[in-house]
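Some notes on the structure that comes next.
The figures that follow rest on heavy atoms only: side chains count, while hydrogens, waters and symmetry mates do not.
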Amino acid sequence: QLQLVESGGGLVQAGGSLRLSCAASGVTFRIIRMGWYRQAPGKQRELVATITSFGSTNSLDSVKGRFTISGDNAKNTVSLQMNSLKPEDTAVYYCNAAGIRSGSYIEYWGQGTQVTVSS
């Protein structure tokens, strides 16, 4: 029932910017964390940035200072502003939502959006 709708991916030149957005609909649990993960060809999926419902953030070292995550608890949305993009940022980016339902931890994933940085 829950759906994570992602938008904002695309092709950009090195040094450019993109803004990814994700909206959760059909939510039947209390979301405590939303964020973005990415997976490049031949590599494992890795955390890019997350934000909790209290506003606490966590991010990948290689994107610190370039990417900024923000969220809106009331709208169940999360955004990732990506500046100074590098070719190594090229990957499929996945929205993630985690929360608690009836005392149990649950997690959902979006279908992914492609980000390609050319050089």
Glu88, CD: over 12 other non-hydrogen atoms inside 6.0 angstrom: yes
Heavy-atom pair of closest approach, residues Leu18 and Gly8: CD2-O, 3.8 Å
Close side-chain approach of Arg38 and Val63, heavy atoms under 4.5 Å: yes
Closest non-hydrogen atom pair between Glu107 and Arg33, with its separation: OE2-NH2, 3.6 Å
Side chain proximity check, Met82 to Asp89, heavy atoms < 4.5 angstrom: no
Inter- and intrachain pairs under side-chain hydrogen bond (donor to acceptor under 3.5 Å, both in side chains), touching residues 51-63, at least two apart: Ser59-Lys64
CD (Gln13) with more than 12 external heavy atoms under 6.0 Å: no
Spacing of CD1 belonging to Ile31 relative to CG belonging to Asn96, to within rounding of 0.5 Å: 10.0 Å
Spatial distance of atom OG1 (Thr113) from atom CG (Leu20) [nearest 0.5 Å]: 6.5 Å
ILVMFWY network linking Ile51 to Ile32, side-chain heavy atoms under 4.5 angstrom: no
Under 3.5 Å donor-acceptor, Arg66 side chain and Ser84 backbone: yes
Heavy-atom pair with the smallest gap, counting every atom of Ala49 and Leu80: CB-CD1, 4.0 Å
Spacing of CD belonging to Gln3 relative to SG belonging to Cys95, to within rounding of 0.5 Å: 11.0 Å
Spacing of CG belonging to Leu11 relative to OG1 belonging to Thr116, to within rounding of 0.5 Å: 6.0 Å
Under the side chain to side chain donor-acceptor pair (under 3.5 Å) test, residues paired with Thr28 that sit two or more places apart: Arg101
Thr77 OG1 to Met34 CE distance, which is reported to the nearest 0.5 Å: 7.0 Å
Heavy-atom closest contact (Arg19 atom, Ser70 atom, distance): NH2-OG, 3.8 Å
Residue pair Ser79, Gln81: steps toward the side-chain hydrogen bond (donor to acceptor under 3.5 Å, both in side chains) verdict: CA-CA 6 Å; Ser79 296; Gln81 179 65 45; over 6 Å; no
Remaining members of hydrophobic cluster (4.5 Å side-chain criterion), Trp109: Tyr37, Leu47, Val92, Tyr94
Nearest heavy atoms of Ala98 and Tyr105, plus distance in Å: CB-OH, 3.4 Å
Residue pair Glu6 / Gly110: nearest heavy atoms and the distance that separates them: OE2-CA, 3.4 Å
Nearest-0.5 Å distance that lies between atom OG in Ser118 and atom CG in Leu85: 10.5 Å
Donor-acceptor contact present, side-chain Gln1 to main-chain Gly26, <3.5 Å: no
Evaluation steps, side-chain contact (heavy atoms from CB on, under 4.5 Å), between Thr90 and Gln114: CA-CA 8 Å; Thr90 295; Gln114 178 71 47; 4.0 Å; yes
Path from Ile100 to Ile106 over hydrophobic side-chain contacts below 4.5 Å: no
Co-membership, hydrophobic cluster, residues Val5 and Val27, 4.5 Å side-chain: no
